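What follows is a set of notes on a single structure, which appears directly below.
Throughout, residue positions are numbered sequentially from 1 according to the sequence presented. Since the structure is predicted, the reported quantities are computational estimates derived from the model, not experimental observations.
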Amino acid sequence: MAAGQGGDEGENGGALRPPSPPRARAVAVAAGRRQAGVRFDPLWRALAGRLVADLAAEAESGRLVLWLPVAFTAGVLAYFGAPQEPSMVAALLVTAALAAACVAARRHGVALGVLAGFCAFAAGFSAGGVRTALVMHEAMLRPPPFPVRLSGHVERLERRTTSDRVLLRLDGAPVRGLEGTPQLVRLSLRRGTAPPVGTHVTQLARLLPPLGPAMPGTHDFGRAPWFQGIDAVGFGLGRPQVSPPTGPPPLSVRIAVAVDGVRAALGARIRAVLHGTPAEIAVALVAGDRSAIPPQVEESMRVSGLTHILSISGLHMALVAGTLFALARGGLALVPALALGWPIKAMAAVLALAGSAFYLVLSGNDVPAQRSFVMTGLVLGGVLVGRRALTLRTVAAAAVLVLGLTPEAALDPGPQMSFAATLALVAAYERLHPLRAMPRPERRVARLAMLPLVFAAGTIITALVAGLASGPFGAFHFQRLAPYGLLANLAAMPAVSLLVMPFGLVGVLLMPFGWDALAWPVMGAGIEMMVAVSDHVAALPGADGRVDTVNAAALFWFTAALLALCLLRGLPSLLAVPALAAAILASGAPSRPAVLVAPNASTVAVRGADGRLSVIGARSQRVLVEQWLTREGDHRAARAPGLEGGFACDKLGCVAPLPGGGTIAVSRRAESLAADCLNARIVVTRDAPPRGCPARVVTPQELERTGTLAFFADGHTLREQPTRDPAIQRPWMPPLPAPPEEPDRNAAPSAAEAEDAVAE
C-alpha cells in the first residue's frame with residue numbers, strides 16, 4: 001500500500017492508528033539509542049582497549065612502582081591525622097603481614113600491585129609511629145607565671161634583624177619553678193646580646209605558652225619544634241651572663257662550635273671584600289646565615305618570586321654539585337694517566353658528593369638542605385653505577401627516603417612545594433627528552449650561537465613548570481602568589497647560575513690558598529643584578545599577589561591532577577583533566593570567622609562591615625595576629641595604625657558590633673562585667689564573671705583548653721569552633737588541663753552577689 005493511503009496494515013488487515021505522543025517519543029528514543037550504539041560502540045571499545053593497553057604498558061615498564069611513594073605519603077598523612085596516638089606494634093605487625101603477602105603473591109601481577117600499595121601505605125603509617133617513638137619526650141612545658149633561671153650551653157645562634165635567637169642545651173639539672181627537666185630551650189634575646197656558640201650562660205627567661213595553630217584549620221607551629229627536641233620557647237630578660245660550665249660540653253655543642261667557626265671565618269672573608277646587601281646575601285648563600293639581610297630586600301625577593309634563592313635548597317645544592325663535578329672531571333681529564341686508566345667520571349661524582357655534604361653542614365643542616373642533599377646523593381649515585389642520573393625513580397626514592405627519616409616533613413609547606421616542583425620538572429624534561437635527538441647544526445659556530453637560546457628556553461621551561469606546580473601549595477599555606485615570578489626568574493637566573501653560585505663555590509675552594517678575594521667581587525656583581533631584577537619586578541602593578549581561594553579540597557584535587565599528569569603516560573594521563581576541573585570547581589575562599597579570641601583573652605578580632613578584621617591587643621600577640629591577617633590575604637601589619645578601628649574603648653574595656661547583630665565586649669576591669677553581661681552577646685574577660693551572666697563568657701581557663709576560639713556567623717547565630725579539639729591528643733600537643741568544675745546552680749548567692757542583685 002502506498003504511504004499516502006493510510007499506513008501499514010495490522011494482523012486483521014485494518015489500518016493502525018498513529019502512535020500516541022508518549023509512545024512516539026519512546027520509539028524515537030529507542031531508535032536513537034540503536035543508531036548511537038552503531039556509531040559510538042566501536043569508539044568506546046577502541047578507547048577502552050587503548051586504556052587497557054596503556055595501563056598494561058605502564059605495568060610492564062615498571063612505572064606503576066612510582067605510585068608506591070604516593071601510597072607511602074598517604075600512610076604518613078593518615079598517621080598524623082589520627083586523633084589519638086596509634087599503636088606502633090599493631091602498625092608494624094600489619095606492615096609485616098602485608099610484606100609477607102606481597103612475597104607470596106609475587107607471581108600474580110594484579111594481586112601483587114594491590115598488596116604493594118597497601119603495604120606502602122602501612123609502611124608510611126608505621127614510619128610516622130617509629131619516628132615519634134624515637135624522639136618521644138614531654139610536650140612543650142606550660143610556663144609558670146614568673147621568670148625562671150636557665151643554665152646551659154649555646155648550641156645554635158641566629159642573629160636576626162630585630163633580635164637574636166639562641167638554642168640552649170641545658171645542664172640537665174632541675175629548673176626551679178618547672179615541673180619537668182627540659183633539655184633544649186629556644187630563647188629570643190635582645191639584638192646583639194647573644195654570646196657565641198659554645199658559651200655556657202645563665203639566663204633569666206620568661207617562657208611562653210606552647211606553640212600551636214593560630215586558628216582552626218591552620219598549620220600547627222608546635223609540631224616541628226617538638227620533633228626537633230625543643231622542650232620550651234621564650235624570651236630572655238636582660239643580658240645572658242657567662243658562667244662556668246658544670247662539665248664538658250655535649251658532643252652536639254662541640255660539633256656546633258666547629259661548624260660555627262668555619263661559618264664565621266667564611267663570613268668574615270666575604271665581608272672583607274663585599275659590603276652592604278651583596279655581602280649579606282653572599283654570606284647567606286655560602287654559610288647559610290640570613291640574619292643580616294635587610295627586611296626590605298627579603299620582602300622584595302618574596303614579592304617577585306625569587307625568595308627561593310635565599311633558602312639553601314635544591315637549586316643551590318644542584319649548582320654546587322654540578323660545578324664541583326665539572327671542575328673535578330675537567331681537572332682529572334687533564335692528567336693523561338688518570339683519564340686513560342681510571343674512572344674519572346665516578347671519581348668526580350665522589351668528590352662532588354663530598355663537597356655537597358660539606359656544604360650541607362656548612363649551610364646549617366636545615367631540613368630543605370637535607371632534602372636537596374638526599375636528591376643530589378641519589379643523582380650522583382646513579383652516575384657511580386652508570387645509570388641515568390635524574391629520573392622519576394630518583395624522585396620517588398628521594399621522597400621515600402626523606403619521609404621515612406622525617407615523616408613530619410609531609411605536613412610542612414617546604415617539602416610539599418619542593419617535591420611538587422621537582423616532580424613536575426623531571427616529568428616535563430622526560431617528555432621533552434626526544435627533542436635531544438633532533439639534528440643539530442654541523443658548524444661549531446651555529447652550535448655556539450644556539451647555546452643562549454637553549455639556555456633561555458630551559459630557564460623559561462624551568463620557571464614556568466616549577467611555578468605552576470608549586471604555586472597552589474604556596475597559595476594554600478601562605479596566601480601569596482608571584483604573578484611575575486616567571487619574568488623575575490627568567491631575568492635573574494642567568495646571573496645566579498653563571499655568576500653567583502659558581503663563583504661562590506670558587507671562592508670557598510680558593511679560601512685555603514688565600515686567593516678567594518678574586519671570586520667574591522664576581523659573586524657580588526651577580527647578586528647586585530639579582531637584587532635589581534627583584535626590585536624592578538616587585539614594583540610592578542599587582543606584583544604582591546595575595547589570595548585566599550585555595551582550600552584543602554582544591555589542593556587535594558590539584559595534587560591528584562599533578563600526580564596523574566606526571567606519573568602516567570598515554571590515555572591514563574588524561575585523568576588529570578577531570579581532577580584539575582574538580583580543583584577549579586572546589587576553589588574558593590574558606591569560611592571566614594566573625595570573631596577570633598586569642599588564648600591570652602586580651603587579643604580579640606572582629607569582622608567589620610567592610611569584611612576586614614579589627615583587632616585589639618595586637619601588640620601583645622603580634623605573631624598570632626599577623627597569622628590571622630595573612631590567612632585572609634590582608635596586607636596590614638600587626639602594628640598598623642587603625643587596626644582597632646571597629647572597637648570603641650574606654651578604661652573599662654572595648655565594645656564592637658558583631659556580624660548578625662549584637663556586640664562583643666572585651667572587659668579590662670571587673671567593674672564592667674555586670675553591664676557587659678546584660679548588653680553583649682559575647683564577653684571576653686580575665687576576671688570571674690558574675691553568676692547567671694546571660695552572655696557567652698570566654699575566659700583564659702577555657703582558652704587554655706581550646707586555643708584560639710573562633711566564632712562563625714550563620715545568619716543571626718554564632719557557631720563556635722575551637723582551634724584545639726579536646727578529643728585529639730598527640731605527643732607533640734601539650735596535655736590539656738583538667739576541665740573547670742561546674743558551679744553549683746542551686747547554691748545560694750554570696751553576700752556580694754546579693755548586694756549586686758539588689759542594686760540592679
Side-chain angles (χ1 to χ4, degrees), residues 156-166 186-194 214 219 221 233 235-236 263 267 270-271 274-313 316 363-364 366 368 413-414 474 477-485 488-489 492 496 500 524 526-540 542-546 615 618-643:
R156 186 162 186 172
L157 169 61
E158 299 177 46
R159 299 192 185 276
R160 302 189 166 194
T161 55
T162 57
S163 64
D164 294 343
R165 193 162 75 172
V166 298
R186 191 175 68 195
L187 296 177
S188 295
L189 306 176
R190 185 178 302 172
R191 178 169 173 78
T193 62
H219 180 73
F221 291 95
V233 297
F235 58 91
R263 297 172 70 184
I270 293 173
R271 292 187 177 98
L274 301 178
H275 304 283
T277 298
E280 303 310 330
I281 293 181
V283 172
L285 296 178
V286 174
D289 182 9
R290 298 175 53 178
S291 59
I293 298 178
Q296 63 272 17
V297 174
E298 285 197 327
E299 181 65 16
S300 171
M301 300 283 283
R302 188 178 298 111
V303 171
S304 63
L306 296 177
T307 187
H308 62 94
I309 297 177
L310 300 180
S311 175
I312 306 299
S313 58
H316 310 81
S363 62
D366 292 331
H477 290 287
F478 306 115
Q479 290 73 50
R480 302 187 75 155
L481 287 176
Y484 304 112
N489 281 273
V496 176
V500 177
I527 292 174
E528 290 178 348
M529 296 178 190
M530 179 187 70
V531 173
V533 169
S534 175
D535 291 341
H536 280 85
V537 173
L540 294 176
D544 191 2
R546 302 289 183 105
V615 188
R619 292 182 178 273
S620 61
Q621 293 283 317
R622 181 180 58 84
V623 176
L624 184 69
V625 172
E626 288 180 352
Q627 290 293 323
W628 291 353
L629 298 175
T630 301
R631 185 70 175 175
E632 301 197 349
D634 196 326
H635 292 255
R636 294 176 297 171
R639 298 178 179 177
L643 196 61

Minimum side-chain heavy-atom gap Gln479-Glu632 below 4.5 Å
no

Out of curiosity, Ile270 CD1 to Glu280 CD, how far, rounded to the nearest 0.5 Å?
9.5 Å

If you compare all heavy atoms of Leu157 against all heavy atoms of Val166, which two are closest, and at what distance to 0.1 Å?
CD1-CG1, 3.7 Å

Return yes when atom CZ of Arg636 has more than 12 non-hydrogen atoms of other residues, nucleotides or ligands closer than 6.0 Å, and no otherwise.
yes

Got more than 12 heavy atoms from elsewhere within 6.0 Å of NE2, His477?
yes

To the nearest 0.5 Å, what is the distance between CG on Asp535 and CE on Met301?
9.0 Å

Scanning both residues in full, the closest heavy-atom pair of Arg302 with Thr307 reads CA-CB, 3.8 Å

For the atom pair CD (Glu626) and CD (Gln621), what is the distance rounded to the nearest 0.5 Å?
11.5 Å

Kindly indicate, with the supporting measurements, whether the criterion side-chain contact (heavy atoms from CB on, under 4.5 Å) is fulfilled by Val303 and Arg480.
CA-CA 8 Å; Val303 171; Arg480 302 187 75 155; 3.4 Å; yes

Looking only at non-hydrogen atoms, find the nearest pair between Ile309 and Met530 and report the distance.
CG2-SD, 3.6 Å

Would you compute the distance between atom CD of Glu158 and atom CG of Leu189 and round it to the nearest 0.5 angstrom?
11.5 Å

Taking Arg263 for its side chain and Ala287 for its backbone only, find out whether a donor-acceptor pair lies under 3.5 Å.
yes

Report yes or no: does Asp164 contribute a side-chain atom to a donor-acceptor pair with the main-chain N or O of Thr193 at less than 3.5 Å?
yes

Could you pull out the closest heavy-atom pair between Ala543 and Pro483, with the gap in Å?
O-CD, 3.2 Å

So NE2 of His308 and CG of Asn489: to nearest 0.5 Å the spacing works out to 4.0 Å

Look up atom CD in Gln296 and atom OG1 in Thr277, then write down how far apart they are to the nearest 0.5 Å.
7.0 Å

With distance as the sole test, does Ser304 use its side chain to make a donor-acceptor pair with the main-chain N or O of Ala538 at under 3.5 Å?
no

Compare every heavy atom of Phe235 with every heavy atom of Leu187, then report the nearest pair and how far apart it is.
CD2-N, 4.0 Å

Work out which heavy atom in Thr630 is nearest to a heavy atom in Phe478; give both atom names and the distance.
CG2-O, 3.7 Å

Counting C-beta onward and ignoring hydrogens, is there a side-chain heavy-atom pair between Leu306 and Val496 closer than 4.5 Å?
no

